[in-house]
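See structure below.
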Amino acid sequence: MSAVLSLKRSNSAVRYCFEADAEPGVLPRALELIAKRGLVPARVFAQADGDALSVEIEVEGLEPAVAEHVGRSLGQIVGVRHVF
């Protein structure tokens, strides 16, 4: 799936949504992609349901090319099932 579909733009914010295995390391690895760019997410929502973890991360201040790269990188995290 294209990384373009992994993010939704609203003004200057980018929202990443993905489903992953409900494993302890998935959320910290996803947040690290934002933190290593010196940014703090504006909003983070995560909900576990059985063996699945649904996550939304909203970030402001990402350039379009960087936003695309982060979206692609989310899909490469071990345990991420689907980025949308």
Side-chain angles (χ1 to χ4, degrees):
M1 176 174 287
S2 170
V4 173
L5 299 176
S6 70
L7 55 93
K8 301 172 185 173
R9 286 198 171 272
S10 170
N11 297 332
S12 65
V14 178
R15 183 180 303 154
Y16 298 99
C17 304
F18 62 93
E19 184 178 298
D21 297 335
E23 297 289 331
V26 172
L27 188 56
R29 286 193 295 269
L31 292 173
E32 181 181 15
L33 293 172
I34 307 303
K36 71 181 185 180
R37 286 162 177 80
L39 299 170
V40 175
R43 186 175 84 86
V44 177
F45 174 79
Q47 181 173 352
D49 184 17
D51 69 342
L53 180 67
S54 298
V55 179
E56 292 183 22
I57 302 172
E58 188 173 305
V59 184
E60 295 182 11
L62 286 177
E63 295 295 323
V66 176
E68 289 285 337
H69 176 73
V70 170
R72 286 189 303 273
S73 298
L74 283 171
Q76 296 175 357
I77 294 173
V78 173
V80 171
R81 299 176 182 175
H82 179 70
V83 180
F84 51 95

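This one's a predicted model, so the numbers in the text were calculated from it and none came from an experiment. Computation of the quantities below employed the complete heavy-atom set of this structure, encompassing side-chain atoms and omitting hydrogens, waters and symmetry-equivalent molecules.
Minimum heavy-atom separation, Val83 to Leu74: CG2-C, 4.2 Å. In terms of heavy-atom proximity, Val80 sits nearest to Gly75 at CG1-CA, 4.3 Å.
Taking the side chain as every heavy atom from C-beta outward, Val55 and Leu27 approach each other to under 4.5 Å. At least one side-chain heavy atom of Val70 sits less than 4.5 Å from a side-chain heavy atom of Arg37.
Between the CD atom of Glu60 and the CZ atom of Arg15 there is a distance of 11.0 Å, given to the nearest 0.5 Å. To the nearest 0.5 Å, atoms CZ (Arg81) and CG (Leu53) are separated by 9.0 Å. From Phe84, atom CZ reaches atom OG of Ser54 across 6.5 Å, with rounding to the nearest 0.5 Å. Atom CD of residue Gln76 and atom CZ of residue Arg29 lie 13.0 Å apart, to the nearest 0.5 angstrom. Here the CG atom belonging to Leu62 is positioned 10.5 Å from the CG atom belonging to Leu33, to the nearest 0.5 angstrom. Here the CD atom belonging to Glu19 is positioned 9.0 Å from the CG atom belonging to Asp49, to the nearest 0.5 angstrom.
No path of Ile, Leu, Val, Met, Phe, Trp and Tyr side chains, each step under 4.5 Å between heavy atoms, connects Val40 with Ile57, placing them in separate hydrophobic clusters. No single ILVMFWY cluster, assembled from side-chain heavy atoms under 4.5 Å apart, contains both Leu31 and Phe45.
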| request: List the steps and the verdict of side chain to side chain contact (heavy atoms under 4.5 Å, CB included) for Val26 and Phe18. | output: CA-CA 11 Å; Val26 172; Phe18 62 93; 4.0 Å; yes

